[in-house]
Amino acid sequence: MQTEETLLEKCKQQIEQKTGWGGSQQWTNQDFTALSEKIYEHTRVNLSPTTLKRVWGKVKYESLPTVNTLNTLAHYAGYENWREFKLKNDNGIANAYPVADSVATQPRPAETTIAKPPAVPIAKFKPNKKTVWVVVFLGVLFLGGWAAVRTFSKPAGSSLPPTAFSVGSTPLAKGIPNSVVFTYDATAAAPTDSVFIQQSWDESRRVRVQKDKHRHTSVYYQPGYFRAKLVVNNQVVKEHDLFVPSEGWVACVEQKPVPVYFPEKQVRRNGMLSLPVSLIEARHITMQPQPPIVTFRNVQSFEDLRSDNFTFETELRHDYKQGSAACQFCQIMILLENDVMMFPFSNLGCVGELQVQVAEKFADSKTNDLSAFGSDMSQWTRFRCEVRNKRVQLFVNDKKAFETTFANPPARIVGIHYGFRGTGSVNYARLAKATGEVVFEESF
């Protein structure tokens, strides 16, 4: 029988294979943030990037993960829960953990539930000696052939220098959606290699292209600053930075592959940016049992305003707290060139689920006091972010809520993002230099 630690390693390996991002030794904080989002989409359980980094040993943590974490990881890996994972990966292992009642252990939604066929008795088969020798012989042939392939074929993009590849891009339109023409050269790839273009960190936005061609057109459905990738099999051989501005505010309900957009003139209402429930339901989008994610984004160049010295001020409000939207989760993101600052909000009772991100630094409510980010979000909530020489101070309703430092090199600010689980409103938004000079202001 294997230990729980050994089985957890197996589970992590299966998840790494599922992501297709290569070994976790090379994963960055952005990869763990992306994995957190993918796990939530699949299981509807939120495992923070910090929790995932602890599981993968990036952050020192002596204890084994909780039952809920194990169940969620197993569910994402393709099993019903941790117990099923153990049974299928180590016959008869003692159940050291009881299986808790959580989302990962509940029956899946009706539309995805598939009835299991009745068990069919399997006749016992006792091979004779001749059969055994045939099986052994065929096995030796298979292993020999596999070894030959491994010896004489070239692994994915191996020993090919990045200079052997190239990738560039040209947006075709203004605003969102926007088609982008990629020009690439992957002729250095081996005949058996598969070549892909990936829009960003999101592996689901990876599309296979022909290695002997040089042009591919891809659609971007959200504005932002992206690092596109040229991938040979699962190895990134070239990266390319791409800026897709918004041409104003983009308001939408998030869904894949294409969001549901709302014209800016519809959401500029009564001196605020707001998407009421009536407009959402008019598009046949239901508010329950899972409330939609509503986002407002403005992506542009802000006069070379950088992340080490600036002030951001705003007021936001959550406008729907019924049913499973009771926590009134919402967030603000300051988008940077290949980086992000993320600030969460909720009612006071749900603060335990919040996590602040400042570039590569994470602070969750499990080990930090984030109580100031909790309030009655049905009321206007003021938020201010002040950064002076990389010292970050966050204020909620004029009370200091959190303080940290910006560890990464300064990066250009390229966008503002608001997200609401349910829906919400923004009263104003303002970006200014450290001197007080206003660079961007919206009062709608």
Side-chain angles (χ1 to χ4, degrees), residues 19-22 26-38 41 49 162 165-186 195-209 215-232 234-250 252 254-259 261 293 295-302 304-307 331-342 357 359-360 408-419:
T19 63
W21 301 339
Q26 307 302 320
W27 286 7
T28 64
N29 284 335
Q30 193 173 25
D31 292 316
F32 285 101
T33 301
L35 180 58
S36 175
E37 293 175 355
K38 284 181 174 292
E41 288 176 5
F165 301 89
S166 66
V167 62
S169 65
T170 304
L172 292 182
K174 292 184 178 180
I176 293 297
N178 200 336
S179 290
V180 174
V181 177
F182 287 96
T183 53
Y184 65 95
D185 186 349
V195 179
F196 305 85
I197 285 180
Q198 185 173 315
Q199 285 190 349
S200 63
W201 57 263
D202 188 354
E203 190 265 344
S204 69
R205 296 295 184 183
R206 180 182 293 187
V207 177
R208 188 167 182 170
V209 297
R215 181 185 174 98
H216 171 73
T217 303
S218 185
V219 180
Y220 281 75
Y221 293 106
Q222 288 287 14
Y225 194 95
F226 304 95
R227 178 156 288 174
K229 305 174 189 296
L230 183 64
V231 182
V232 177
N234 284 322
Q235 180 179 340
V236 176
V237 295
K238 206 74 174 180
E239 294 184 319
H240 169 68
D241 287 351
L242 169 65
F243 184 50
V244 182
S246 63
E247 296 292 311
W249 289 95
V250 174
C252 67
E254 297 283 352
Q255 67 174 24
K256 291 186 177 182
V258 183
Y261 300 103
I293 304 296
T295 61
F296 305 127
R297 297 186 191 185
N298 192 314
V299 176
Q300 58 174 286
S301 295
F302 293 102
D304 202 35
L305 192 64
R306 294 186 174 270
S307 56
Q331 67 175 7
I332 298 170
M333 289 195 290
I334 305 297
L335 307 179
L336 314 175
E337 289 183 341
N338 291 309
D339 227 330
V340 69
M341 302 172 74
M342 184 173 68
Q357 178 180 351
E360 294 289 313
N408 288 7
R412 234 172 17 106
I413 296 174
V414 297
I416 305 169
H417 165 107
Y418 296 88

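- Shown here for Ser218 and Gln199, the closest heavy-atom pair between the two residues is OG-NE2, 2.5 Å.
- Between the side chain of Tyr261 and the main chain of Ile176, no donor-acceptor pair closer than 3.5 Å is present.
- At least one side-chain heavy atom of Gln331 sits less than 4.5 Å from a side-chain heavy atom of His417.
- Remark: the backbone N or O of Val258 is paired with a side-chain donor or acceptor of Gln255 at under 3.5 angstrom.
- Nearest approach of Asn408 to Asp339, heavy atoms of both residues: ND2-OD2, 2.7 Å.
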Test log, rule side chain to side chain contact (heavy atoms under 4.5 Å, CB included), inputs Arg205 and Phe226: CA-CA 12 Å; Arg205 296 295 184 183; Phe226 304 95; over 6 Å; no
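- Rounded to the nearest 0.5 angstrom, Phe165 CZ and Lys238 NZ are separated by 9.5 Å.
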Derivation of the side chain to side chain contact (heavy atoms under 4.5 Å, CB included) call for Thr217 and Val181: CA-CA 4 Å; Thr217 303; Val181 177; 3.8 Å; yes
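- Interatomic distance, Arg227 CZ to Glu239 CD, rounded to the nearest 0.5 Å: 5.5 Å.
- Atoms CZ and CH2, on Phe32 and Trp21 in that order, are 9.5 Å from each other to the nearest 0.5 Å.
- Residues Leu242 and Tyr220 have side chains in contact (heavy-atom distance under 4.5 Å, counting atoms from C-beta outward).
- Looking at every heavy atom in both residues, Pro245 comes nearest to Phe243 through CD-O, 3.5 Å.
- Thr33 contributes a side-chain N or O that, together with a main-chain N or O of Asn29, makes up a donor-acceptor pair within less than 3.5 Å.
- Taking NZ from Lys229 and CD from Gln198, the interatomic distance works out to 6.5 Å, rounded to the nearest 0.5 Å.
- Taking CE from Met341 and CE from Met333, the interatomic distance works out to 12.5 Å, rounded to the nearest 0.5 Å.
- A side-chain donor-acceptor contact under 3.5 Å links Trp27 to the backbone of Gly22.
- Taking every heavy atom of both residues into account, Thr295 and Gly419 meet most closely at CG2-CA, 4.3 Å.
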Stepwise side chain to side chain contact (heavy atoms under 4.5 Å, CB included) test for Asp241 and Tyr225: CA-CA 7 Å; Asp241 287 351; Tyr225 194 95; 3.5 Å; yes
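- Counting all heavy atoms, side chain and backbone alike, Ile334 lies closest to Ile413 at CG2-CG2, 3.9 Å.
- Although no hydrogens or angles enter the test, the distance criterion places no donor-acceptor pair under 3.5 Å between the side chain of Ser246 and the main chain of Asn298.
- Relative orientation of the Phe182 and His240 rings is perpendicular, given thresholds of 30° and 60° on the angle between their planes.
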Check against side chain to side chain contact (heavy atoms under 4.5 Å, CB included), Leu230 and Val195: CA-CA 7 Å; Leu230 183 64; Val195 179; 3.9 Å; yes
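- Residue Ile416 holds its CD1 atom at 7.5 Å from CD of Gln300, rounded to the nearest 0.5 Å.
- Considering all non-hydrogen atoms of both residues, Cys252 and Gln222 come closest at SG-NE2, 3.1 Å.
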